[in-house]
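Working notes for the structure below.
Order of the sequence lines sets the chain letters (A, B, ...), proteins ahead of strands, with each chain counted from 1.
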2 protein chains.
Amino acid sequence: MDVSAETNLGFRPLYLQVREEITRQLASGRWQPGTMLPSEQELARELGVSQGTVRKALDAMTAERILVRRQGRGTFVAEYEESRILFQFFRLYPDSGERLFPISKVLKLSSATPNAREREALGLDETATVWRISRLRYHGSELMLRETLSLPGSIFQGLGEMEEIPNNVYRLYSQRWGVTVTRISEKLKAVSADEADRAELNCPVGTPLLEIRRIAFDLHKRPVEYRESRCQTDAMHYASDLI
Amino acid sequence: MDVSAETNLGFRPLYLQVREEITRQLASGRWQPGTMLPSEQELARELGVSQGTVRKALDAMTAERILVRRQGRGTFVAEYEESRILFQFFRLYPDSGERLFPISKVLKLSSATPNAREREALGLDETATVWRISRLRYHGSELMLRETLSLPGSIFQGLGEMEEIPNNVYRLYSQRWGVTVTRISEKLKAVSADEADRAELNCPVGTPLLEIRRIAFDLHKRPVEYRESRCQTDAMHYASDLI
DNA sequence: TAGTGGTCTAGACCACTTT
DNA sequence: AAGTGGTCTAGACCACTAC
């Protein structure tokens with residue numbers, strides 16, 4: 001058999017290996033959100049590759065929004081500032097007027113055995129536990145949606161003892177547990193308001209609501225949050241850009 | 001005044017100029033969808049820049065899904081095959097089972113003066129005309145949604161004389177009018193089925209429906225299609241990935 | 001002025017496809 | 001074997017920021 005005619009299956013570009021190594025160091029906590037990475041030249045020396053190869057890795061991570069590069073300043077670990085949450089992770093817009101960061105009011109924080117949907121979304125079994133956070137969210141003074149967040153107890157240890165859950169939970173995950181949310185997958189349906197919706201959202205039973213089922217993934221593509229939201233869309237809409 | 005301290009406002013990277021030039025030639029019809037572009041080396045010679053600069057331009061256009069690059073074969077103008085439509089431009093999925101390209105049944109094709117929403121979406125005024133295509137769409141044998149497409153009469157001349165509108169309208173736009181859809185923006189709401197929905201979708205008045213208002217843009221970022229869809233989501237969902 | 005990322009070039013070599 | 005895109009390197013220079 002002529003070896004030269006074979007396909008080289010084991011091939012893995014150097015810049016992808018570099019990206020993985022930088023991701024590993026990031027996950028291990030070498031650089032905190034908001035801090036600067038070493039310069040391209042320095043990383044290249046550290047890793048024993050050329051500066052152009054480091055650049056390709058950093059560019060890929062910038063495209064994934066894990067890093068932020070600023071010409072003349074440096075390369076930084078992305079933070080969960082409100083503007084980023086608003087633009088990257090939140091697709092609900094008011095039909096008219098200014099966009100505001102949603103205010104949250106927590107109704108309940110509890111621990112439970114995961115139900116079927118939580119198990120499937122988070123890859124858990126019946127022996128696991130989840131935290132459940134029920135909350136309402138407001139756009140300004142307008143009640144917008146109600147939702148329940150489900151979080152694996154194994155990852156978010158001690159969550160139940162928190163006195164207050166902030167509006168910006170992704171920043172909390174990052175600061176308290178080192179969990180970096182990088183990708184989100186959402187499934188939408190139109191549903192009818194039930195009795196619970198009526199009680200919490202103050203709308204008649206039967207009102208059409210937008211139901212959003214979200215799974216959030218971390219740096220290692222591990223599911224870390226499952227969320228079910230039910231949203232009134234008479235004055236809001238969900239925006240989606242297909243590129 | 002020290003010139004060296006000023007910011008260089010007029011700066012425009014060469015690879016962006018190259019991208020624009022290639023986009024211009026693409027829009028002018030030099031290469032049809034599915035055909036191969038000249039090699040990087042050849043384009044570099046034509047345009048008087050280095051091969052690396054051409055590569056950067058082609059990579060950017062590939063990221064925009066205008067081009068498709070295949071190692072060992074060449075760089076091709078993206079086509080509107082069904083798989084691309086399904087993955088890039090169509091976000092509705094069955095809750096279970098296989099995804100199918102939606103079958104369309106045209107109910108009506110007419111010409112009209114644009115209403116307020118059409119004027120705003122397509123940037124038209126009261127003196128313009130639009131084509132309106134009303135149709136039903138099926139996933140297999142399952143009726144999924146009803147929708148109306150609105151198209152500027154000035155762009156899609158002669159559309160009214162067509163005997164049949166194919167399922168894949170973006171391929172039609174491309175083949176017949178040289179209109180290349182590259183980006184789509186959608187706004188979603190949950191609404192209640194009205195009398196017209198009942199009649200066409202065969203569902204009770206009051207059923208929650210997912211309403212999708214879509215604007216499609218061409219190579220020059222010009223709006224070329226406005227679409228309002230109303231979809232039953234008891235067995236389907238709308239998928240959205242936030243990255 | 002020094003340091004950072006961004007652009008541009010040139011060339012070598014690799015992986016993949018086609019002939 | 002020839003031709004394509006993909007990777008990797010090295011170096012020069014540009015644009016931007018901070019000091």
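- Atom CZ in R19(A) sits about 17 Å away from atom C1' in dC8(D), given to the nearest Å.
- In this view, Y173(B) and F156(B), Y170(B) satisfy the ring-ring contact (aromatic ring centres under 6.0 Å, His included) rule, not counting sequence neighbours.
- A heavy atom lying under 4.0 Å from DNA chain C marks the following residues of residues 31-62 of chain B, by number: V49(B), S50(B), T53(B), K56(B).
- Of the residues near DNA chain D, G72(A) and G74(B), the one whose nearest nucleotide (by heavy atom distance) lies more toward the 5' end is G74(B).
- Of all the heavy atoms in A57(A) and V18(A), the pair that sits closest is CB-CG1, 3.6 Å.
- Between L14(A) and Q71(B), the residue whose closest nucleotide on DNA chain D is further toward the 5' end is Q71(B).
- Checked for salt-bridge contact, R30(A) and E46(A) meet the test: a charged N lies under 4.0 Å from a carboxylate O.
- When the side-chain contact (heavy atoms from CB on, under 4.5 Å) test is applied to Q157(A), no partner is found at least two apart in sequence or on another chain.
- Pairing each heavy atom of L151(A) with each of E225(A), the nearest pair is CD2-CG, 3.6 Å.
- Side-chain nitrogen and oxygen atoms of R73(A) include at least one within less than 4.0 Å of the OP1 or OP2 phosphate oxygen of dA18(D).
- Figure legend: R69(B) and F76(B) shown without cation-pi pairing, the cationic atom not lying both under 6.0 angstrom from the six-membered ring centre and within 45 degrees of its axis.
- Atom CZ in R69(B) sits about 14 Å away from atom C1' in dC16(C), given to the nearest Å.
- Between F76(A) atom CZ and dC16(D) atom P the separation is 17 Å, expressed in whole Å.
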